[in-house]
Every structure is written in C-alpha cells, then in structure tokens.
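Quick caveat: nothing in here was measured; it's all calculated off a predicted structure. Values reported hereafter were calculated over all heavy atoms of this structure, with side chains retained and with hydrogens, waters and symmetry mates removed.
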Amino acid sequence: MRDLHSHIEEIAETLAPEHGPESPSEAVKRLLDYYERLDHPDRYGFVAVLLYEMVVLRVRDRAQQLSGGAACG
C-alpha cells in the first residue's frame with residue numbers, strides 16, 4: 001500500500017485553484033480516474049483520505065456556524 005501522503009497530494013492537486021472554476025462533477029471525475037488507476041490496497045488508503053477530508057470540512061463548517069460565521073483556523 002502506498003503512503004497516504006501520495007493520496008493527500010493527489011486530492012490537493014486535483015482540487016487546486018489552478019484547475020479553475022469547474023463543476024464538482026469534473027473534480028469527482030478526476031478523482032475517480034485516479035482511484036481507478038490504483039490497486040486494491042491503495043484504494044482503501046485513498047478512500048480513507050477522502051473520508052478524513054470530508055470530516056475536516058464538516059467540522060470546520062459546523063464550528064463556523066456555531067461561532068456565528070467567524071473564520072475557524
């Protein structure tokens with residue numbers, strides 16, 4: 001299995017601003033293309049990183065809502 005860091009980098013690169021305004025479905029397509037190139041053990045790591053990213057975003061969003069919209073570091 002790959003180091004999770006390589007999956008983190010791939011996700012960050014895929015969602016980077018230099019890809020310009022795009023639809024969420026375009027970003028998902030690129031991430032799915034990456035996922036399909038992985039072998040099965042690496043797929044588990046990639047999904048784990050995606051879940052982590054989703055949880056972090058949800059927690060930040062909730063913290064901002066609870067604090068009245070102030071930025072959360």
Side-chain angles (χ1 to χ4, degrees):
M1 183 182 336
R2 281 189 194 182
D3 179 357
L4 294 180
H5 186 71
S6 63
H7 301 312
I8 293 167
E9 287 179 346
E10 183 68 27
I11 291 168
E13 183 179 316
T14 295
L15 302 176
E18 55 267 19
H19 287 294
E22 66 179 349
S23 70
S25 63
E26 290 171 321
V28 168
K29 167 88 170 83
R30 278 203 314 279
L31 289 171
L32 281 174
D33 290 344
Y34 173 75
Y35 173 85
E36 289 174 349
R37 290 191 307 267
L38 298 171
D39 59 18
H40 284 326
D42 284 330
R43 287 180 177 187
Y44 293 115
F46 178 68
V47 170
V49 171
L50 283 176
L51 288 171
Y52 173 80
E53 292 287 331
M54 183 188 72
V55 169
V56 167
L57 290 173
R58 293 287 182 157
V59 167
R60 285 183 184 169
D61 184 50
R62 183 168 185 216
Q64 287 177 345
Q65 288 175 2
L66 292 174
S67 68
C72 178

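- Clustering ILVMFWY residues whenever any of their side-chain heavy atoms sit less than 4.5 angstrom apart, transitively, puts L4 in the very cluster that holds I11.
- Rounded to the nearest 0.5 Å, atoms CG (D42) and CG (D3) are 10.0 Å apart.
- A pairwise comparison of heavy atoms in L15 and A27 identifies CD2-CB, 3.8 Å as the closest pair.
- Ionic pairing of D33 and K29 is present here: one or more N-O contacts between side-chain nitrogen and carboxylate oxygen are shorter than 4.0 angstrom.
- Interatomic distance, CZ of F46 versus CG of L32, reported as 7.5 Å (0.5 Å rounding).
- Between the side chain of E13 and the backbone N or O of E10 there is no donor-acceptor pair closer than 3.5 Å.
- For the atom pair I8 CD1 and Y52 OH, the distance stands at 7.5 Å (nearest 0.5 Å).
- With sequence neighbours excluded, the residues that form a side-chain contact (heavy atoms from CB on, under 4.5 Å) with V55 are V59.
- Following chains of ILVMFWY side-chain contacts shorter than 4.5 Å, one can reach V49 starting from M54, so the two form part of one hydrophobic cluster.
- Tracing side-chain contacts under 4.5 Å through hydrophobic residues (I, L, V, M, F, W, Y), one reaches L51 starting from Y35; they form part of the same cluster.
- Residue E36 holds its CD atom at 11.5 Å from CG of L31, rounded to the nearest 0.5 Å.
- Using bins of under 30°, 30° to 60° and over 60° for the plane-to-plane angle, the ring pair H7/Y34 lands in the perpendicular bin.
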